[in-house]
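Single-structure report; data block below.
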Amino acid sequence: MDEFRAEVAAWLRENRPPEPDFLMPESFMEVGTDAQFNYLRDWQRRVFEAGYLGMTWPKEYGGGGQPQVMQDIVNIEMARQNVPFMPNTIGLNWAGPLILAIGTEAEKQKYIRGILSAEDIWCQGFSEPDNGSDLAAASTRAVRDGDEYVLNGSKIWTSLGTYAKYMILLARTNPDAASRYAGLSYFLAPMDVAGVEVQPIRKITGEYGFTQTFFRDARVPVDCLMGKEGEGWKIAMQTLTFERGASGGQAGGLSMVAVSAADVVELARSAMRDGRPAIEDPLIRDQLIGFLVEEQGDRLCGARARIPALCSERPGAIPMSGKLRGTEFRRRLCQFAISLQGANGARWVGDAHAYADGLWQRSYFNAFSATIGGGTSQVQANIVGERVLGLPKD
Amino acid sequence: MDEFRAEVAAWLRENRPPEPDFLMPESFMEVGTDAQFNYLRDWQRRVFEAGYLGMTWPKEYGGGGQPQVMQDIVNIEMARQNVPFMPNTIGLNWAGPLILAIGTEAEKQKYIRGILSAEDIWCQGFSEPDNGSDLAAASTRAVRDGDEYVLNGSKIWTSLGTYAKYMILLARTNPDAASRYAGLSYFLAPMDVAGVEVQPIRKITGEYGFTQTFFRDARVPVDCLMGKEGEGWKIAMQTLTFERGASGGQAGGLSMVAVSAADVVELARSAMRDGRPAIEDPLIRDQLIGFLVEEQGDRLCGARARIPALCSERPGAIPMSGKLRGTEFRRRLCQFAISLQGANGARWVGDAHAYADGLWQRSYFNAFSATIGGGTSQVQANIVGERVLGLPKD
Amino acid sequence: MPQTLKNTMTFSDEQSMLLDTATGFFRDKSTSADVRNLIDSARGYDDAVWQEMVALGWSGLAIPEDFGGSGLGLAAAVAIAEPMGRHLAASPFLSTQLFVQGVLAGGSDEQKGQYLPAVAEGSVGTVALFEEDGNWDLLSAQAQLKVAGDRFTLTGVKTFVTDAEVATHYLVAATLAGEPALAIIAESELPAAALSRETVIDETRRSYRLAIDAVDVAGTSVIRGDQARKALAAIRDAALLLISAESAGGIAGVLEVIVEYLNTRSAFGRKIGSYQGLKHPTVDILIGLERARSHVYHAASLLDAGEDAEAALRMAKAEASSSYAFAGDRAIQFHGGFGFTYECDAQLYLRRALWSQYAFGDAAHHRKHLAALLLD
Amino acid sequence: MPQTLKNTMTFSDEQSMLLDTATGFFRDKSTSADVRNLIDSARGYDDAVWQEMVALGWSGLAIPEDFGGSGLGLAAAVAIAEPMGRHLAASPFLSTQLFVQGVLAGGSDEQKGQYLPAVAEGSVGTVALFEEDGNWDLLSAQAQLKVAGDRFTLTGVKTFVTDAEVATHYLVAATLAGEPALAIIAESELPAAALSRETVIDETRRSYRLAIDAVDVAGTSVIRGDQARKALAAIRDAALLLISAESAGGIAGVLEVIVEYLNTRSAFGRKIGSYQGLKHPTVDILIGLERARSHVYHAASLLDAGEDAEAALRMAKAEASSSYAFAGDRAIQFHGGFGFTYECDAQLYLRRALWSQYAFGDAAHHRKHLAALLLD
């Protein structure tokens with residue numbers, strides 16, 4: 001193991017791409033320019049070709065067929081060396097695991113390798129403009145017409161919408177179904193068909209990254225349907241479990257720029273408050289330790305989740321709360337990092353004298369994409385309260 | 001004014017009752033023994049006889065007929081000298097203002113003077129065991145039978161239940177009314193009739209103070225009805241407005257032991273943490289100032305509420321949020337006060353070596369009576385959100 | 001000692017009328033569309049609106065009548081600043097008030113006569129106080145004023161100089177023989193390229209870096225010794241008051257945006273404002289607003305009465321800063337996906353909240369000073 | 001440096017079986033009714049239950065086999081302490097474990113042989129560390145050990161000596177010639193009236209004040225120098241571990257009480273657990289529980305592996321203390337009127353949470369030490 005770790009570490013040191021001359025996005029949700037996209041796609045391809053991605057996935061589809069511990073070592077080493085993240089997050093963490101879990105042999109053959117190599121970028125079409133976190137209210141229609149489904153409607157918060165070849169899409173095939181859940185179906189939909197239009201959305205940071213996707217009589221082949229008609233909700237929920245931190249299945253690699261409490265400790269050493277390094281201020285020290293304790297607690301939760309005897313009462317507690325814990329932690333950590341900078345906390349990306357080029361300010365703003373996207377923190381808290389604790393629904 | 005203030009100050013200095021040899025209750029809600037009750041009733045009578053209570057109430061019923069500013073001066077001076085509070089809180093702050101506002105001449109003649117002199121102690125019968133903060137769900141029945149109403153049911157959290165002569169009572173006269181609100185009526189009910197039984201409730205502090213009141217075919221005269229049958233909800237809401245900090249009407253005097261941030265500052269000077277006075281700890285200092293800023297903000301809200309031009313957008317904001325702000329502040333302040341004491345924070349009332357005889361620990365526990373009673377903080381937040389901000393109901 | 005905290009609260013009919021007027025004025029002149037248009041402009045504000053403000057006498061509000069103003073005092077400026085903040089209005093009003101307070105408190109009669117009447121008539125002044133280390137202590141300037149015969153030279157780098165591009169005069173904090181001092185510099189005295197625009201979090205602000213090397217300063221343009229200390233204290237007081245007032249207005253503005261959305265948007269079949277998870281924190285924002293406004297008007301009342309207002313001002317800034325930052329943060333979150341877009345006004349408030357928090361000391365900074373004032 | 005924090009997490013099948021057994025044991029033997037009955041008893045615990053624990057080998061769990069124990073180590077004691085905390089069980093288990101760890105870490109082989117086998121068979125030991133100033137620093141005792149020939153005398157006042165009334169031996173922290181030291185005192189050596197009961201916030205605890213004046217101590221009963229430092233460090237480690245484990249159990253217990261009530265009680269026509277105002281903070285309690293348990297079992301894993309666990313233990317105590325205090329506080333509130341009664345179990349947990357928070361350092365205290373460990 002130590003030998004493998006050393007090998008990975010050496011490979012990463014030798015192969016990490018040069019620092020780009022543009023501002024790096026923080027996650028796949030922030031990829032807003034061609035330069036950013038191409039840089040990251042090239043990097044994912046090289047990691048895959050080196051055998052460091054999809055290490056647990058079956059060999060016959062392009063994976064490594066190795067134990068999870070190998071991928072863990074790679075992931076940890078990547079985080080430690082702070083190398084760029086993998087842009088094909090939806091493919092690696094959602095679509096890929098899903099296809100491997102319930103897809104047909106043909107689907108596995110068709111999609112898995114392209115996901116790993118970043119040849120085929122995936123995006124996600126769950127949210128709609130009028131429905132936010134209430135995915136079951138999806139109103140995008142899919143009407144069967146011979147060998148095709150005809151799509152009409154709109155999806156929003158589509159990351160990488162401009163670059164994606166496929167979308168995992170939740171659409172309504174039967175508006176008259178017994179329940180609103182029963183009328184939904186799940187598609188692995190191609191994006192390169194007529195009638196699909198992608199429009200960039202400007203974020204609070206001023207940058208781009210998300211898109212809104214419009215379907216106007218877009219026709220996709222019937223074999224894009226995953227499972228059966230009416231199984232869309234069930235499959236979508238299964239997909240979200242991958243996101244929500246349930247272990248297993250994901251292809252590995254970083255999916256965002258790691259921001260850790262240790263980085264903020266380093267900032268506190270250099271940033272000045274009231275004429276002294278922030279780290280000398282007893283209040284700052286107390287808060288820094290608070291963040292370290294919280295972060296370490298979450299990390300240890302990850303370790304404990306692998307020991308069933310220590311999770312027997314509520315096996316879902318750690319995985320189901322992962323998104324809520326992680327995203328809110330990041331938001332608060334970034335907010336705090338700004339406060340270390342004294343008057344300079346008011347600077348922004350692009351100012352010559354901003355600490356760390358204003359990235360903490362941008363990270364704070366970008367942090368909301370994760371406390372909102374994929375189910376707001378409020379919805380996440382409901383999910384944990386209802387599914388893990390068994391509390392009544394709203 | 002300065003002269004009056006000096007006169008009040010001198011009177012209080014000369015007339016304050018001697019320190020009791022029992023533990024003083026913190027508010028009328030904590031009065032649990034005869035010794036406590038008699039001591040406080042005597043004190044209220046003396047304050048009233050000196051002309052320092054009900055100063056703004058009409059002279060013909062026993063009040064002073066003076067401007068509010070005089071009563072304010074008395075109240076401030078009482079707080080400053082930390083004299084005991086007035087036990088007849090329900091009478092002075094709820095029943096009295098209500099009777100003066102909407103009562104008949106006969107009611108004013110009958111009740112007001114006894115309220116002020118503490119001759120007639122009042123209690124409140126709104127909450128019921130099964131309904132908590134949902135007052136409109138009251139199920140205690142009042143059935144008219146000739147010249148009497150027959151009461152059946154139970155009220156809970158009755159402070160001074162053992163000592164009260166009258167209860168302001170919300171009961172259901174018409175279970176078949178169009179809405180659950182319309183079936184309620186409001187009574188000024190005597191407690192000394194057959195069929196009224198009072199049972200003490202033990203609090204989390206281990207002491208007594210509240211009671212549960214049982215009505216079993218208790219008969220009260222029809223003229224106990226306030227307003228008309230079916231107006232109970234409206235009148236109860238008006239009563240709660242007095243409690244919820246709306247200005248005007250209340251008879252003055254302290255209604256509880258004042259606990260201020262300044263007291264905690266003093267504690268911080270003497271209490272030791274890590275071998276040093278707590279007040280030297282930068283974290284403690286920061287928190288102390290946080291409490292002082294919050295307390296001063298609330299005090300200044302009181303001053304601003306008297307200037308209509310500075311409250312024009314939402315005149316209800318300050319009065320309607322008063323209970324929420326004040327009670328939650330007290331709870332957090334007491335909780336914090338314990339933390340100043342280092343290992344000695346674990347002591348309790350009765351320990352020879354507890355700081356301030358363990359009163360901070362008791363105050364913290366008692367603070368919940370106000371964050372729960374009269375509508376929990378969660379219900380208060382709903383009320384403010386819905387009535388002041390116009391947000392939709394749950 | 002905390003016991004000595006007063007609860008003075010005065011608000012004259014004159015101030016009340018001013019508040020009404022200014023509230024209507026900025027509601028009309030500073031719509032969300034106006035604010036967004038001005039973000040992309042160089043100057044950052046609409047000169048026509050500014051000239052109207054001047055015509056209404058607002059730039060000379062706190063200037064004594066002897067020097068061409070209306071002598072209403074600084075407290076009256078709160079009635080302008082609060083609605084400005086509420087409607088995210090841009091203008092050189094704040095910068096100019098700080099310049100005025102510095103000259104009024106520390107300047108000689110000649111200096112007052114020289115600079116204040118022009119300001120009352122619409123000239124923009126500003127202050128150059130902070131430096132690269134981000135220290136909020138106004139007495140620790142590294143910029144140096146050096147004696148050169150009966151004149152001086154000024155060398156240093158100042159930052160966060162607001163509205164510098166349009167200002168005609170700058171009050172620059174420096175150190176002169178180890179003591180705090182201020183130099184009054186005219187726009188014409190600045191070398192080319194002395195100013196460079198800074199990129200700050202609040203896009204409705206214009207902030208500049210001022211870098212000068214041995215600029216010549218007349219002896220009559222220097223404020224030194226106790227006068228400089230007085231001027232710096234007055235600038236700090238005015239900044240704390242007006243930024244807190246602006247912030248209180250900002251909380252009110254963002255609260256309105258939130259409440260509107262919570263009453264409009266539905267999720268899971270209900271208006272989202274019906275969920276306690278959003279309703280209760282929104283009530284917390286309201287409470288922060290009420291406390292902040294109360295602190296602000298109290299501090300203004302003390303200043304009006306000529307009483308010591310340091311603790312009140314620091315409390316106002318601490319409360320307003322943290323409540324505004326909380327409100328701005330929650331505004332993004334409560335708008336869900338829309339809140340994450342540049343199009344949603346929530347970001348405008350969050351940006352301004354952060355700017356305001358880090359201008360002239362954040363809440364923790366002021367609590368530290370308050371601890372020294374109230375606990376020792 | 002924070003980078004060096006490990007994420008070791010080991011849990012043997014043996015520990016897992018122990019946890020299962022203890023969970024069932026305390027569920028059966030420590031019902032709410034049992035807990036309330038014991039509050040009114042003098043001893044505070046049920047000796048029959050304690051004897052069963054002894055018979056199960058739990059008192060000798062961390063004692064090496066050479067000294068009559070089972071040699072499972074301190075980490076195994078976590079599996080006892082956590083369910084004890086969950087069911088608010090009373091027993092002299094914790095006091096005894098601290099005594100054991102002190103003797104094990106600092107005692108001579110003779111001392112170990114003299115005291116530990118008796119403990120393994122059910123004798124109760126305890127530690128007398130704290131003094132009137134409430135200082136958590138174990139090295140700053142004011143109690144004095146003085147040399148008197150080849151013997152010593154011990155004088156001082158100790159406080160928060162748990163289970164002192166039933167203990168047969170006490171490890172008393174003192175200062176000997178300016179250095180930390182420990183005296184092992186037998187019950188029989190204490191003068192009458194040396195012990196007086198303290199009134200503490202957790203009514204399920206028995207805490208005593210120990211006041212002694214020139215008590216005679218044999219040279220063979222003294223631990224001094226580096227051995228005393230090791231003993232005190234080991235006692236601190238054990239206390240942080242076991243109180244944190246108890247607290248994690250307590251959070252789980254009070255969470256169960258809350259969830260049960262939120263699923264039962266209705267208000268305004270709905271189960272109260274459906275309101276986000278109660279649901280979301282209850283999720284926060286769950287998250288606190290998960291983090292606290294993770295810290296606890298990690299710290300135990302490090303101790304088991306013989307690695308430095310100071311930072312892990314302080315983190316565990318900080319997290320468990322503050323999360324438990326939050327959970328206890330919210331438990332009262334969320335039970336509404338019933339929560340304010342002595343009859344509701346919420347108060348039992350809140351009282352224990354506060355006891356646990358102020359025993360061996362609260363969260364702020366440990367964060368301060370962690371800052372020195374991790375930031376300097």
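Since the model is a prediction, treat every value here as computed from it, not as a measurement. Protein chains get the first letters and strands the later ones, always in sequence-line order, with residue 1 at the start of each.
- Salt bridge status for D/Glu310 with D/Arg314: present, with a side-chain N to carboxylate O gap under 4.0 Å.
- For chain D, the nearby parts of B/Phe365 are the backbone and the side chain; heavy atoms of each come within less than 4.5 Å.
- Formation of a donor-acceptor pair under 3.5 Å by the D/Gln347 side chain with backbone atoms of D/Tyr342 is found in this model.
- For the options D/Leu354, D/Thr159, D/Leu350, heavy-atom pairs under 4.5 Å to chain B are most numerous at D/Leu350.
- If you measure heavy-atom distances from B/Arg276 to chain D, you find no contacts under 4.5 Å at all.
- Of the residues considered (D/Gly339, D/Gly337, D/Ala346), D/Gly337 shows the highest number of contacts with chain B, using heavy-atom pairs under 4.5 Å.
- Here D/Phe340 is the residue among D/Phe340, D/Phe130, D/Tyr358, D/Phe160 with the most heavy-atom pairs under 4.5 Å with chain B.
- At a 4.5 Å heavy-atom cutoff, the contact between D/Ala364 and chain B is made by backbone and side-chain atoms alike.
- Options D/Asn135, D/Asp329, D/Asp133 differ in how many heavy-atom pairs under 4.5 Å they form with chain B, and the most are formed by D/Asp329.
- A salt bridge is defined here as a Lys NZ or Arg NE, NH1 or NH2 lying under 4.0 Å from an Asp or Glu carboxylate O, and B/Glu197 with B/Lys155 fails to meet this definition.
- Contact annotation for B/Ile284: neither backbone nor side-chain heavy atoms come within less than 4.5 Å of a heavy atom of chain D.
- Ion pairing of D/Asp202 with D/Arg352 is present here, as a side-chain N (NZ or NE/NH1/NH2) and a carboxylate O approach within less than 4.0 Å.
- For D/Ser140, no part lies under 4.5 angstrom from a heavy atom of chain B.
- Between the side chains of B/Glu128 and B/Thr140, a donor-acceptor pair is found at a separation under 3.5 Å.
- Contacts between D/Phe360 and chain B at a heavy-atom distance below 4.5 Å are absent for every atom of the residue.
- Chosen from B/Ala354, B/Ala137, B/Ser339, the residue pairing most often with chain D at heavy-atom distances under 4.5 Å is B/Ser339.
- Interface check for chain B: of the options D/Arg197, D/Glu203, D/Arg265, the most heavy-atom pairs under 4.5 Å are formed by D/Arg265.
- Looking at D/Leu278, the atoms closer than 4.5 Å to chain B (heavy atoms on both sides) all sit in the side chain, from C-beta outward.
- Put simply, the side chain of B/Trp94 never gets that close to the backbone of B/Ile168: no donor and acceptor are under 3.5 Å apart.
- Counting heavy-atom pairs closer than 4.5 Å to chain D, the top residue among B/Arg180, B/Arg202, B/Gln335 is B/Arg202.
- With chain B as the partner, the residue from D/Glu343, D/Arg205, D/Arg351 showing the most heavy-atom pairs under 4.5 Å is D/Arg351.
- For chain D, the nearby part of B/Asn131 is the backbone; its heavy atoms alone come within less than 4.5 Å.
- Taking 4.0 Å as the cut-off between side-chain N and carboxylate O, D/Glu179 and D/Arg229 count as a salt-bridged pair.
- Among the candidates B/Asn382, B/Ile201, B/Ile338, the residue making the largest number of heavy-atom pairs closer than 4.5 Å to chain D is B/Ile338.
- A salt bridge does not link B/Asp357 to B/Arg362: none of the charged nitrogens lies less than 4.0 Å from a carboxylate oxygen.
- Tested against D/Arg209, the residues D/Glu165, D/Glu198, D/Glu131, D/Glu132 include a single salt bridge (charged side-chain N to carboxylate O under 4.0 Å, His left out) partner, D/Glu132.
- Remark: side-chain polar atoms of B/Tyr355 are paired, donor with acceptor, to backbone N or O of B/Met272 under 3.5 angstrom.
- Of the atoms belonging to D/Asp137, not a single heavy atom falls under 4.5 Å from chain B.
- Remark: D/Asp362 engages B/Arg273 in a salt bridge, criterion side-chain N to carboxylate O under 4.0 Å.
- In terms of heavy-atom pairs under 4.5 angstrom with chain D, the leader among B/Thr376, B/Asp274, B/Leu283 is B/Asp274.
- Using modelled atom types, one side-chain atom of D/Lys158 and one backbone atom of D/Ala173 make a donor-acceptor pair closer than 3.5 Å.
- Residue D/Phe268 touches chain B through both its backbone and its side chain, counting heavy-atom pairs closer than 4.5 Å.
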